[in-house]
Amino acid sequence: MKLSLFGISIFIVLSLGACKDCEEPVDLGVSLTHIEYSPESYSVEVFPEFPVLEIPSDNELTYDGIRLGQHLFFDPILSADSTMSCSSCHFPDKAFTDNLGVSTGIDGIAGTRSSMSLVNQAFYNTGLFWDGRVGSLEEQALLPVEDPIELHNNWIELIDKLQEHELYQELFRKAFGIEHSGEMTKELAAKSLAQYQRIILSGNSLFDQTLRGTSSLSDEALEGFNMFFDFPDTKDAECGHCHQSPLMTDNTFKNNGITGVEDLDDYVDKGFGALTGNPLDNGKFRVPSLRNIELTAPYMHDGRFETLEEVIDHYISGGHPSPNKDPQIIPLTLNEVEKANLKAFLLTLTDTSYLDNELITNPFN
Amino acid sequence: MKLRILGLFAIATLMASCSEEGAVSLNFVGTYDGEPLVLGESLSYLPDYEISLLESDFYISEVALTRGSEVITLKDIDFVDFTNNNFTLENAIAGINLTYDEIEAGTYDGIRFGIGVPPSQNTTRPADYPSSSPLSKPGYYWLAWESFIFSKFAGQADGNGFFFHTGTDELFRTFTISKDIVITEDNTSTVKIILDHKDLMVFDGSLYDVKAVPANHDPLELGPLENFVNNYSSAFSAQ
């Protein structure tokens with residue numbers, strides 16, 4: 001013990017000395033080289049119908065990288081008052097949503113948007129968040145920590161805390177091979193959170209199994225499926241135009257008519273338009289995947305609908321008029337039985353088998 | 001030494017042969033009744049109602065220059081996206097440029113391309129392609145047809161949505177536009193290809209009543225869709 005302390009102090013003195021000429025002396029922190037670093041790559045089993053999983057070459061998946069992200073995701077150390085973590089708004093058993101209309105952060109301030117499901121994130125390559133304002137999971141992971149209506153912390157203080165935390169010293173070392181605790185950075189934290197989220201996949205629902213021929217839908221759900229994708233011989237519900245299989249989203253931003261305006265500038269939340277500057281994009285939001293929709297009420301970016309019946313009634317109405325309401329949102333003529341069938345189909349999109357992966361569930365339980 | 005000179009000579013010849021290539025830029029311009037098409041703006045249509053267009057985009061495929069019976073392929077697949085371009089007059093006038101290089105210098109007599117995904121590729125799915133390929137767009141596949149969606153064309157008529165989605169091998173069409181195109185060394189020649197959207201909506205000599213039939217995407221009701229894809233040949237012109 002004495003020896004290692006001695007070692008550390010010699011090291012610090014030496015390193016400070018070495019840095020005499022540097023403009024800013026770097027605080028290397030404690031040495032971590034005694035902890036084994038032997039990264040093992042993690043290969044994801046992607047469902048056969050899913051697109052190719054594209055992983056940034058500077059953030060390949062490793063078991064230890066994912067494990068670090070998993071710990072950070074569930075650890076309230078991320079919030080200023082240690083009360084909330086990512087998982088406070090993204091519950092694993094609710095497809096990583098929080099079942100609230102709009103999410104509330106540590107200060108009890110309600111946001112304006114509903115929490116989003118985090119399954120199949122790896123495939124959302126046209127912009128994250130309801131309005132697409134973030135390009136990658138790596139970029140996204142930096143944001144909640146400092147967001148005043150989320151974790152309301154700051155990274156400098158958080159990194160200080162993590163650098164002094166033995167568990168995180170070990171997890172960072174194992175994940176990224178850093179040699180000193182001073183090399184633990186927010187960028188590495190974000191990379192690990194991105195790795196963790198990239199492996200959360202959901203694609204083995206009854207619907208998928210039916211397409212693979214290993215299971216079959218009930219008659220009601222099958223009717224609903226036919227309507228959803230406008231197969232001949234049933235009424236068209238037009239849903240599949242935007243909620244395309246296999247992801248059950250087309251990865252675009254659309255106006256599905258939930259808000260009526262006369263003028264494109266009248267949208268209170270401009271959504272995608274705030275990002276692109278194209279007024280025709282005002283009031284457009286990400287077409288969300290409908291996978292696990294059974295678990296993710298309430299619905300829409302502002303959580304305005306409590307139930308799937310309300311959602312279906314909205315689509316039947318043809319939505320509220322606006323100059324850029326999507327042309328595919330047209331009045332539908334579904335009767336009560338057809339509505340129930342459509343809902344029955346939506347309920348076949350549930351698959352939480354990702355919960356069987358111990359790299360995904362709460363590591364502190 | 002001799003060898004080295006030979007090597008240099010070889011490189012020089014290689015460079016010389018390389019530089020006899022130029023590029024062509026296809027400048028797609030969307031119009032409506034001869035005027036630049038600005039999405040979202042009111043357009044005169046049938047006597048009793050106006051329309052606005054909100055979406056117009058399509059795959060072009062097997063893009064090639066022609067010279068007599070010779071076909072020089074430039075690209076297997078590309079995407080012409082007026083939807084994300086024509087939201088200002090300025091953009092509408094500028095159009096969309098798709099540029100193809102490494103074309104042997106010379107004079108060509110036309111440009112040829114398909115609208116849609118050719119049958120040979122239409123057995124694949126978006127998930128088969130990396131995100132860099134235009135074919136990876138998840139919104140351009142239709143499960144009920146087992147086909148890519150070749151083109152989307154949509155808007156509002158008096159506030160009511162209408163749309164045409166084309167697809168399936170039966171509706172794949174190839175067009176040749178005759179035009180002398182001169183490719184010169186290290187230059188990019190531009191060919192302006194105008195698509196007039198009003199011409200696309202002509203059915204049996206009159207304009208299609210999109211208020212009466214707003215959704216046109218049923219492979220079992222090919223009539224309007226077949227008419228629509230056939231209209232491309234008169235709706236395109238080159239300058």
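Below, chains carry the letters A, B, ... as their sequence lines are ordered, and counting in each starts from 1.
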Separation between [atom1] of [X] and [atom2] of [Y], rounded to the nearest 0.5 Å:
{"X": "A/Phe229", "Y": "B/Trp145", "atom1": "CZ", "atom2": "CH2", "answer": "14.0 Å"}
{"X": "B/Lys137", "Y": "A/Asn251", "atom1": "NZ", "atom2": "CG", "answer": "10.5 Å"}
{"X": "B/Leu143", "Y": "A/Phe225", "atom1": "CG", "atom2": "CZ", "answer": "5.0 Å"}
{"X": "B/Asn91", "Y": "A/Asn278", "atom1": "CG", "atom2": "CG", "answer": "9.0 Å"}
{"X": "A/Asp326", "Y": "B/Phe163", "atom1": "CG", "atom2": "CZ", "answer": "9.0 Å"}
{"X": "B/Lys152", "Y": "A/His241", "atom1": "NZ", "atom2": "NE2", "answer": "8.0 Å"}

Between A/His243, A/Gln328, A/Glu49, the one whose heavy-atom pairs under 4.5 Å with chain B are most numerous: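 Highest number of heavy-atom pairs under 4.5 Å: A/Gln328.
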Is chain B contacted by the side chain of [X], its backbone, both, or neither, given a heavy-atom distance below 4.5 Å?
{"X": "A/Ser322", "value": "backbone"}
{"X": "A/Asp281", "value": "neither"}
{"X": "A/Glu238", "value": "side chain"}
{"X": "A/Glu54", "value": "side chain"}
{"X": "A/Leu280", "value": "side chain"}
{"X": "A/Pro321", "value": "neither"}
{"X": "A/Thr276", "value": "neither"}

Within 6.0 angstrom of B/Glu146 CD, more than 12 heavy atoms from elsewhere: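 Atom CD in B/Glu146 is not crowded, with 12 or fewer foreign heavy atoms closer than 6.0 Å.
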More than 12 heavy atoms of other residues, nucleotides or ligands under 6.0 Å from CG of B/Asp204: yes or no?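 No.
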So which of B/Gly159, B/Ala154, B/Gly139, B/Ser52 has the largest heavy-atom pair count under 4.5 angstrom toward chain A?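 Answer, by heavy-atom pair count under 4.5 Å with chain A: B/Gly139.
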Max heavy-atom pair count under 4.5 Å with chain A, selected residue of B/Pro130, B/Pro138, B/Gly40: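 Most pairs with chain A among the choices: B/Pro138.
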Determine the minimum heavy-atom distance between A/Asn125 and B/Ser131, stating which atoms define it.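 It is ND2-CB, 3.4 Å.
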Search all heavy atoms of B/Gly155 against all heavy atoms of A/Pro327 and return the closest pair with its distance.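 For B/Gly155 versus A/Pro327, the nearest heavy atoms are O-CB, 3.3 Å.
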Can you tell which part of B/Leu54 gets under 4.5 Å to a heavy atom of chain A, answering side chain, backbone, both or neither?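 The answer is the side chain of B/Leu54.
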